[in-house]
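Written below as structure tokens is the structure these notes are about.
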Amino acid sequence: MGHNRAVDLRVVRAGAATDVGLVRNVNQDRILVTDRLYAVADGMGGHAGGEVAARMAVDTLRSSFEGSGGERELVDAFLDANHAVLEQSRSDASLRGMGTTLTAVAVVPGEDRRGTLVLAHVGDSRGYLFSGGELSQITGDHSLVAEMVRSGELNPAEASGHPHRHIVTRALGVDDRLEVDSWQLTPAEGDRILLCSDGLVNEVDDETIASVLGSVEDPEEAAGDLVRLAREHGGSDNITVVVLDLGDDDHDGPGVDSAPTSLGAVDPAPTRTGDEPEPLTRAVPVVRPPGPRAQAGPSGATPRAQVRPPRRITFRVVLFIAALALVAAGGVAAIYFYARGGYFVGLSGNRIVVYRGRPGGVLGWKPTIASRTGYTTGQVPGYALSSLRQGTLEPDQASAHAYVCNLVSEAAAVGAAAAPSPIGYCASTPTTLAGGNP
Ligand code: MG
């Protein structure tokens, strides 16, 4: 690793490995390796959801990020991937609640023979720079525990064994709006980039990772060794590793100025971009409008109580009043069907319940509880909580049931909550209870 000349940088060699691990039944991690785009996605969501989300994210990223794009284009490709996953989860009840992490690196050819890399990231997969024998984490985890460390509530040692370390606070496929962290990197020849899912870093410490990256020259072999080590340390999750060797495959290029430091320079502060860029602010849950607004009947739907009695009631007046009453009744009925026609998954205290109606109610029709799931906020992934607080609209009870059960099984699968009871809500098909007020 002696060369620190800034070069026409390219990924000279890439190696990747993935493994289901020793505990999970299915590998929900996905890898992308092309000649200039590299990514790791770690899907989440019960049943097939996690696999689908990770695969869609990676496929959309590849097709959306074309040509000679840079940081902005990579972030845009993330947003496209977010919408693709979200769209799919909305159109297929069995996939409701799925999501995925995504961490990607793209090579951007530079003008002055100093190519750069751009990195974009959402979730708790990670990107590291290995330079001069030192491993430094570029990405910050979007996880509950990492946020608690950043706010000083936990120290890193407490975080590493924390039971909630798998709870992701930002993921693709959860909301229309997505905040994507991104960086421009200017590493030096000989540096390595490591992308990995949390299944590696929860089992293998940084020192061990650094010693493998420092001693195993072939990136494919290094990736394989890291996966093997994670399995040997427990393999409690899917494990995915991508190792990129950076360098100059054109050694007689002009000797450009040397890199400013002996290490690859990394700007530690990510650029935050998204659909609605809000620099330096945390994502605030978006309040979703509760569907299309009901078309209230012509100025108020309720019939006027006092109609001054006309002096003589003619047949025409009777007809007119009847027509007026009909329009008013139609308006009331339309609002009633709007107000009572849907279902949403929300909270009653810390209990997760399925409501009939609209979040917040409509013109005096309050939502009523259609079914109680028996689950509490502690039994679903953290990333779902803000949606549940607002109420997540579902077309019918079966979709609501699928959504809740996907969330519960996801939380149980990552060990963040106890497995759902085999005789509970999720073991049965959805039933309709007579609604009563919460
Ligand atoms: Mg994982």
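All ligand and atom numbering here is 1-based and tracks the order in the structure.
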**Report entry** Within residues 196-210 or reaching into it, pairs that qualify as salt bridge (Lys or Arg N to Asp or Glu O under 4.0 Å) - sequence neighbours excluded
**Finding:**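 Sorted result for residues 196-210: empty, none.
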
Query - Ionic contact status for E51 with R55, cut-off 4.0 Å - result: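 Answer for the salt bridge query: no.
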
Query raised in the report: Does R228 pair with D19 as a salt bridge, N-O distance under 4.0 Å?
Result: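 Looking at R228 and D19, the cut-off is not met.
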
Query - Protein N/O/S atoms closer than 2.8 Å to the Mg ion (ligand 1) - result: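 The answer, once waters are left aside, is D42 OD2, D198 OD1, D237 OD2.
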
Query raised in the report: Taking only residues two or more places apart in sequence or in another chain, which ones pass side-chain contact (heavy atoms from CB on, under 4.5 Å) with A17?
Result: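 side-chain contact (heavy atoms from CB on, under 4.5 Å) check on A17 returns A223, V227.
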
**Report entry** side-chain contact (heavy atoms from CB on, under 4.5 Å) partners of A14, counting only residues at least two apart
**Finding:**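 A14 satisfies side-chain contact (heavy atoms from CB on, under 4.5 Å) with V11, V33, Y38, L244 only.
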
Query raised in the report: Which word best sums up how the rings of Y425 and Y375 line up, parallel for under 30°, tilted for 30 to 60°, or perpendicular for over 60°?
Result: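 Rings of Y425 and Y375: perpendicular, as their planes differ by over 60°.
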
